[in-house]
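Below, all heavy atoms of this structure are taken into account, side chains as well, without hydrogens, waters or symmetry copies.
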Amino acid sequence: MNIEQALHSAFEESTRYHTFEKLSEILSSELIEQGFQQAGVATVRKRRLPLEAVLWSVIGMALFRKESVWNIANKLDIMLPGKNQLVAPSAMVQARQRLGDEPVKQVFNKAADNMYHNEEFETWAGLNLLAVDGVVWRTADSDENREAFSSASNQYGDTSFPQIRMVCHMELTSHQLISSEFDSYKTNEMKLAERLIERTPNHSLTMFDKGYYSLGLLNRWHSTGEERHWLIPARPDLQYEVVSKVGKNDLIIELKTTKHAQKNFPDVPEVIKARLVSKIIKGKNYRILTSMVDRLRFPCSEIVDLYSHRWEIELGYREIKQTMLDSTYHLRSKRPDMVRQELWGILLAYNLIRRLMTLAAKAEGIWPNQLSFSSCSMAVIQYFSSISIMSPGNIPIHWGHLLGTLRLFKLPPRREDRQYPRAIKPKPSKYPYKKRNASQLN
């Protein structure tokens with residue numbers, strides 16, 4: 001072997017390490033491979049754009065929102081070495097179609113499960129704090145997307161762009177997503193929430209919005225695993241029978257299920273035991289319904305205040321849509337399968353940023369949601385932009401510097417006295433506005 005061949009061989013090995021292993025600290029190749037195997041696809045490393053590289057370009061679509069997919073592939077330097085140093089735009093389109101959406105979904109599930117079970121989160125009474133809520137995404141207006149996802153409609157027909165309804169399960173202290181399901185816009189959120197039950201972790205407390213009240217859903221959530229508790233605001237017209245009480249603010253009650261609930265959930269019993277806790281805050285009476293009936297382990301005085309943490313999932317959705325996606329209202333993909341792929345890539349990218357924030361907060365001794373997402377996301381995106389020009393030997397140094405930088409973005413304590421009451425916007429008139437001339441104004 002002459003010196004030229006030796007240098008070329010060394011360069012190729014260095015570049016291979018540089019292209020994929022540099023990103024393994026954030027998402028390991030083993031997890032990616034497991035996700036691909038679960039989806040039934042195989043990675044061909046001899047391609048200039050192997051599926052692992054295409055996956056990173058899909059993640060990059062969420063991080064570099066204003067860049068084209070072609071620019072993202074070149075920016076992240078994810079190609080294997082070859083004569084042509086730039087990838088053709090058509091090659092990226094074909095590569096994304098070759099990857100599909102199922103492998104990205106499986107990688108997200110594997111990564112989310114690995115993140116959750118390898119971290120120690122802040123708990124309450126031995127339970128991890130979780131929340132479930134829904135969000136809606138817009139897609140490009142095409143016949144394919146409208147057929148696949150549908151849209152809002154009234155008596156005159158469709159009234160908006162095709163939309164996707166999504167429900168996510170989030171760990172509240174870190175904002176990391178545990179699982180997610182989405183379908184067409186006209187799919188009921190509670191139907192999507194049912195799909196999350198199997199992946200719900202044990203020893204957890206999941207908080208729901210009042211719109212998720214369904215005794216069949218709540219019973220199955222609680223009974224499927226071990227200590228899978230739930231917490232939800234009580235309806236004003238809640239009908240119940242008191243079993244026992246400690247004062248007027250702490251009741252153990254029985255709730256009778258309806259025939260409709262028994263039809264949709266054959267496993268639901270006729271009577272469900274729950275706990276009804278109430279507390280007066282600033283003159284308003286708040287009532288919370290929960291499966292935590294053990295009064296000694298779960299103190300009544302803390303349960304109502306605990307529900308305020310459910311708002312963290314709303315903040316998480318704002319971080320994704322407004323901060324990470326720069327308030328872009330529409331997904332960039334055109335075809336339904338590419339839309340689904342892009343959505344899983346967005347969730348995966350958000351979790352990767354939140355994973356880094358969790359590592360940084362752990363060293364600082366604070367909760368990850370006490371760090372500024374906007375500042376941390378900019379630092380992470382800058383890291384992704386610069387690793388392509390780093391030598392492999394300097395990557396650990398820059399990695400440590402990144403985590404140290406994230407710890408600097410600590411938010412000030414939240415002001416409890418700040419209030420932003422919801423306001424009802426005036427309904428626009430369906431009649432055209434008639435301009436007045438000067439003589440009419442006099």
Side-chain angles (χ1 to χ4, degrees), residues 38 102 105-106 108-109 112-113 116 127-136 148-150 164-171 177-244 251-277 287-294 297-298 303 307 310 313 340:
Q38 186 73 23
E102 186 64 21
K105 173 184 178 179
Q106 295 301 330
F108 167 80
N109 289 333
D113 184 72
Y116 181 84
L127 303 177
N128 284 334
L129 302 180
L130 314 176
V132 165
D133 205 0
V135 66
V136 173
F149 306 124
S150 71
I164 299 174
R165 191 175 299 280
M166 174 186 288
V167 171
C168 293
H169 205 177
M170 176 182 286
E171 201 284 324
L177 300 176
I178 299 174
S179 57
S180 179
E181 289 289 342
F182 56 84
D183 211 321
S184 68
Y185 175 77
K186 295 184 178 180
T187 304
N188 191 290
E189 285 190 10
M190 286 193 286
K191 293 294 183 181
L192 295 175
E194 289 180 40
R195 305 181 193 176
L196 304 178
I197 294 178
E198 293 298 328
R199 296 197 298 274
T200 300
N202 296 327
H203 307 286
S204 62
L205 171 61
T206 301
M207 305 180 195
F208 293 92
D209 184 71
K210 61 183 179 181
Y212 287 86
Y213 180 78
S214 166
L215 291 180
L217 172 66
L218 297 176
N219 174 74
R220 183 173 294 179
W221 201 282
H222 179 57
S223 61
T224 299
E226 180 180 353
E227 286 197 330
R228 297 184 182 181
H229 292 287
W230 49 263
L231 195 70
I232 191 171
R235 297 170 54 179
D237 59 345
L238 184 68
Q239 302 294 322
Y240 58 88
E241 293 185 6
V242 178
V243 177
S244 64
L251 311 177
I252 301 297
I253 63 175
E254 286 185 346
L255 301 167
K256 293 184 179 180
T257 58
T258 63
K259 297 295 183 181
H260 179 72
Q262 295 171 11
K263 179 180 179 180
N264 293 332
F265 299 89
D267 55 331
V268 66
E270 294 184 0
V271 177
I272 294 177
K273 182 180 290 187
R275 186 178 179 188
L276 182 62
V277 178
R287 300 195 307 166
I288 298 296
L289 195 65
T290 179
S291 61
M292 300 181 294
V293 296
D294 189 342
R297 181 180 174 185
F298 309 114
I303 290 179
Y307 185 74
R310 192 206 69 84
I313 192 171
R340 288 188 285 265

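Note that CG of Leu130 and CG of Leu205 are 7.5 Å apart. Values are rounded to the nearest 0.5 Å. Note: Met292 CE to Ile303 CD1 = 4.5 Å, rounded to the nearest 0.5 Å. Rounding to the nearest 0.5 Å places NE2 of His229 at 11.0 Å from CZ of Arg275. Rounding to the nearest 0.5 Å gives a distance of 4.5 Å between CE of Met207 and CG of Leu129. The OH atom of Tyr185 sits 15.0 Å away from atom CE of Met166, with the distance rounded to the nearest 0.5 Å. Interatomic distance, CG of Asn264 versus CD of Glu194, reported as 8.0 Å (0.5 Å rounding).
Aromatic pair Tyr212/Trp230: ring centres not closer than 6.0 Å.
Screening Asp209, Val132, Leu218 against Ile232 for a side chain to side chain contact (heavy atoms under 4.5 Å, CB included) leaves a single residue, Leu218.
Side-chain atoms of Arg228 do not come within 3.5 Å of backbone N or O of Ser223 as any donor-acceptor pair. Under a 3.5 Å cut-off, the side chain of Tyr116 and the backbone N or O of Leu177 do not form any donor-acceptor pair. Thr224 contributes no side-chain N or O that, together with a main-chain N or O of Trp221, makes up a donor-acceptor pair within less than 3.5 Å.
Remark: Lys210 pairs with Pro233 by the side chain to side chain contact (heavy atoms under 4.5 Å, CB included) rule, at least two apart or across chains. Among residues two or more places apart in sequence or in another chain, the salt bridge (Lys or Arg N to Asp or Glu O under 4.0 Å) test is passed with Asp267 by Arg220.
Side-chain contact between Arg199 and Glu181 is present, with at least one heavy-atom pair separated by less than 4.5 Å. Proximity of Lys259 to Lys263: side-chain heavy atoms (C-beta onward) are nowhere separated by under 4.5 Å. In this structure the side chain of Ile253 reaches within 4.5 angstrom of the side chain of Leu289, judged on heavy atoms. Counting only heavy atoms from C-beta outward, the side chains of Pro201 and Ile178 approach each other to under 4.5 Å. A 4.5 Å side-chain heavy-atom check between Lys256 and Glu270 finds every atom pair outside the cut-off.
For the pair Leu127 and Ser204, the tightest heavy-atom approach, listed with the atom from each and the gap, is CD2-N, 3.8 Å. Between Tyr240 and Val242, the shortest heavy-atom distance links the atoms CE1-CG2, 3.8 Å. Closest heavy-atom contact between Ala274 and Val293: C-CG1, 4.0 Å. Counting all heavy atoms, side chain and backbone alike, Ala148 lies closest to Ser184 at O-CB, 3.8 Å. Taking both residues in full, the closest heavy atoms of Tyr213 and Leu255 are given as OH-CD1, 4.1 Å, listed atom of the first, atom of the second, then distance. Taking all atoms of both residues into account, the shortest heavy-atom contact from Leu215 to Ile272 is O-CD1, 3.7 Å.
Ion pairing between a basic and an acidic side chain is recognised when a charged N comes within 4.0 Å of a carboxylate O; Arg310 and Asp133 show such pairing. The residues Asp183 and Arg195 are annotated as salt-bridged, a charged nitrogen and a carboxylate oxygen being separated by less than 4.0 angstrom.
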For Thr206 and His169, what are the C-alpha separation, side-chain angles and deciding distance, and is it a side-chain hydrogen bond (donor to acceptor under 3.5 Å, both in side chains)? CA-CA 8 Å; Thr206 301; His169 205 177; 3.2 Å; yes
Could you walk me through whether Val271 and Glu241 pass the side chain to side chain contact (heavy atoms under 4.5 Å, CB included) test, one step at a time? CA-CA 10 Å; Val271 177; Glu241 293 185 6; over 6 Å; no
Verdict with supporting geometry, Asn202 and Glu227, side chain to side chain contact (heavy atoms under 4.5 Å, CB included): CA-CA 6 Å; Asn202 296 327; Glu227 286 197 330; 5.9 Å; no
